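Computed from a prediction, not measured in an experiment: that's the story for all the values here. Atoms within each ligand, like the ligands themselves, are counted from 1 in listed order.
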Amino acid sequence: MKPVFHPRLLNSHFDDPCLFVRLLHEKQAILFDLGDIHAIRPSDLNKITDVFVTHTHMDHFIGFDTLLRGVLRKDTPLNIYGPSSILPCIQGKLKGYTWNLIEDYPTEIHVFAYDGRHVTHSVFAARNRFKKQTLSKSRSDGLLLKNPLFAVRAVLLDHGIPCLAYSLEEEFHINIDKALLTGKGLTVGAWLSTFKRKLREHPGDGSQTIRIGDKQFRVLELADIARITRGQKISYATDIAINQNNLMRLIDLIKGSDIFFCEAYFLEKDRERAAARFHLTAKTAGSLAKKAGVKKLELMHFSSKYRDCPDEVIHEAMKAFCN
Ligand SMILES: [Zn+2]
Ligand SMILES: [Zn+2]
């Protein structure tokens, strides 16, 4: 099975946590957290459509300017999701520059602020010199984005301040039965991407057709070559206080993830410090992942006090995970 999501942590364990997720065969990428993003190539920066920010502490948000510079003049909107603080923080960033001469740019930044009950949707458009315009406020159970390919859910947690954790889930995965395909006299080609997209976007629609070479087929008559399996799931959580409410809500969100990206800020021996700073310990990260039935645990965001002993942090988390 070829995975649809290709996640890549941009920085080392001790630098800003930032997860870049490229989508296979789509000219699209998603970003979790917006710290130092200089490791993203300009061509990849341009593919980012949606950014999910956990909270607006500097190490999770300082990359906003780099991103904005990279996508300025882009004719498709940039969507940024985050807790309530995301709105005044983006507004503050935008107010830090002078914006004449951009009124003819198509740039639009859509901001979705989730407070645990409601999503407030605002837009900052270049044509209005990035002045805030509130579009809507609606109730939400945490499902922030849903399209035919994937869904992103958030849960509101406590980090001394509100902080979001996220899951990214493929609706379902389509594998192609090559033997059946060959049996129909067809060969593998670029048409398969279109075929999969039509299956996702128009399920059960008998009017959909597809051109393969010089022949026209109905999508449904080829549907038997598609094997539907469970979709891929990735989750991302960082900067979370160790308390029962946080842990229960987080386990529920990340349940069954193929990969769980998680902070391991402190060692268990420094648990008091972890409590004072509202962070997880490596051991808690490992046991969380185990309880949630996660397949793979990827660690990030270590305190710089362990710069000489990163293996100790990894070992502590993995011991709890594999226990
Ligand atoms: Zn942090
Ligand atoms: Zn923080």
With a cut-off of 2.8 Å, does C163 place any N/O/S atom under that distance from the Zn ion (ligand 2)? no
In degrees, rounded to 10 degrees, what angle do H57 atom ND1 and H159 atom NE2 make at the Zn ion (ligand 2)? 90°
Relative to each other, are the rings of F32 and F52 parallel, tilted or perpendicular (30° and 60° limits)? parallel
Is the Zn ion (ligand 1) less than 2.8 Å from an N/O/S atom of H60, whether that atom is in the backbone or a side chain? yes
Between atom CG of L181 and atom CG of L192, what is the distance when rounded to the nearest 0.5 Å? 6.0 Å
Atom CE in M318, atom CG in D311: separation rounded to 0.5 Å? 11.5 Å
Closer than 2.8 Å to the Zn ion (ligand 1): does that hold for any N, O or S atom in H279? no
Restricting D59 to its N/O/S atoms, the closest one to the Zn ion (ligand 1) is OD2
Do H60 and D16 get their side chains close enough for a donor-acceptor pair, meaning under 3.5 Å? no
Would F124 and F130 count as a close aromatic pair, with their ring centres under 6.0 Å? no
Have a look at D239 and say which of its N, O or S atoms is nearest the Zn ion (ligand 2). OD2
